[in-house]
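Structure record follows, encoded as C-alpha cells.
Index from 1, following the sequence. None of the values given here were measured: they were computed from a predicted structure.
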Amino acid sequence: MTGALFEITFYLAAPFWLLMIFAPTWSGTARVVASPLTVLPVLAVYVVMAVPVFPELWTAVSSPDIDTFRDLTALAGGAGAIWAQVIAWDLLLGQWMYLQSRKLGLSPLLMGPLLVLTILLSPFGLLIFLAVGARPRRRRAPPPRGVAPPPGPPR
C-alpha cells in the first residue's frame, strides 16, 4: 500500500499543475488555483504515510541531524511522507507563483516552463521566478499631449 500511495501522490497534484501550465488564462484556473484546499488530497496521503512512522518522524524533526533524517527516509512510510510533503508544498508554491505572475503580467509562455521547472526542482524554479518578478517592468509611455489614450478594457 505504501508504494501505491507514493505513486498516486503526484497524480493528485497533477491536475492543478496542468491547469496552471496549459490553461493559464482560463478564468476557472485562477479560481481553482486561488484555493489552498487543492493540497488536501496530498495532505491526506501524507497523514496516512506519516502516522505509522510518527515516532521516527518526530525524532527527525525535533532533533534534526543527517543520520536521523537518513533513518527516517530509509523507511518506506518515512520516504513516502516526505515525498507527499514535498508535493504539497511544491503545489502551494506553484500556485503562489502562478497567482503572482498574473498580478505582475508575466507571460504564460514564460511561466509554463518555469512552473515545469518548479515541479521538478522547486528551489531553482522559485529563485528564477523571484529574479524575474523583481525585474522592473517597462511602463507604457504616456501619449503625446492632445492625443487621447487608447480605450481600456470594457468594464
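When hydrophobic clusters are built by joining Ile, Leu, Val, Met, Phe, Trp and Tyr residues whose side-chain heavy atoms come closer than 4.5 Å, directly or via intermediates, Leu92 is grouped together with Val45. A continuous path of Ile, Leu, Val, Met, Phe, Trp and Tyr side chains, each step under 4.5 Å between heavy atoms, connects Ile21 with Leu93, placing both in one hydrophobic cluster. In the hydrophobic clustering of ILVMFWY residues, with side-chain heavy atoms under 4.5 Å counting as a link, Trp89 and Ile128 come out together. Follow the hydrophobic side-chain contacts under 4.5 Å out from Leu5 and you never reach Leu72; the two are in separate clusters. Taken together through direct or relayed side-chain contacts under 4.5 Å among Ile, Leu, Val, Met, Phe, Trp and Tyr, Val47 and Leu43 form parts of separate hydrophobic clusters.
In this structure, CG on Leu115 lies 10.5 Å from CZ on Phe22, to the nearest 0.5 angstrom. Here the straight-line distance linking atom CD1 of Ile82 with atom CG of Leu57 works out to 6.0 Å at 0.5 Å rounding. Here the OG1 atom belonging to Thr73 is positioned 8.0 Å from the CD1 atom belonging to Ile66, to the nearest 0.5 angstrom. Rounding to the nearest 0.5 Å places CG of Leu117 at 9.5 Å from CG of Leu127.
The two residues Thr68 and Ala60 come nearest to each other via the heavy atoms CG2-CA, 3.5 Å. Taking both residues in full, the closest heavy atoms of Pro55 and Pro52 are given as CD-O, 4.4 Å, listed atom of the first, atom of the second, then distance. The two residues Ala13 and Ile87 come nearest to each other via the heavy atoms CB-CG2, 3.8 Å. Listed here is the closest heavy atom pair of Leu104 and Gly133: CD1-CA, 3.9 Å. Across all their heavy atoms, Met97 and Leu126 have their closest contact at SD-CA, 4.3 Å.
Counting only heavy atoms from C-beta outward, the side chains of Pro108 and Thr25 approach each other to under 4.5 Å. Put simply, the side chain of Asp90 does not reach to within 4.5 Å of the side chain of Thr118, judged on heavy atoms. With contacts defined as side-chain heavy-atom distances shorter than 4.5 Å, the pair Asp71/Glu56 does not qualify. Between Pro24 and Thr29 the shortest side-chain heavy-atom distance does not fall below 4.5 Å. Contact check for Thr9 versus Tyr46: no side-chain heavy atoms found under the 4.5 Å cut-off. Counting heavy atoms from C-beta on, the side chains of Thr38 and Leu91 come closer than 4.5 Å. For the pair Met49/Trp83, no side-chain contact is recorded, criterion being any heavy-atom separation below 4.5 Å from C-beta on.
For an aromatic pair to be called close, the ring centres must be under 6.0 Å apart, and Trp17 with Tyr98 fails this.
In this structure, the side chain of Ser122 does not engage the main chain of Ile119 through any donor-acceptor pair within 3.5 Å. With hydrogens and angles ignored, the 3.5 Å screen pairs no side-chain donor or acceptor of Ser101 with any backbone N or O of Met111.
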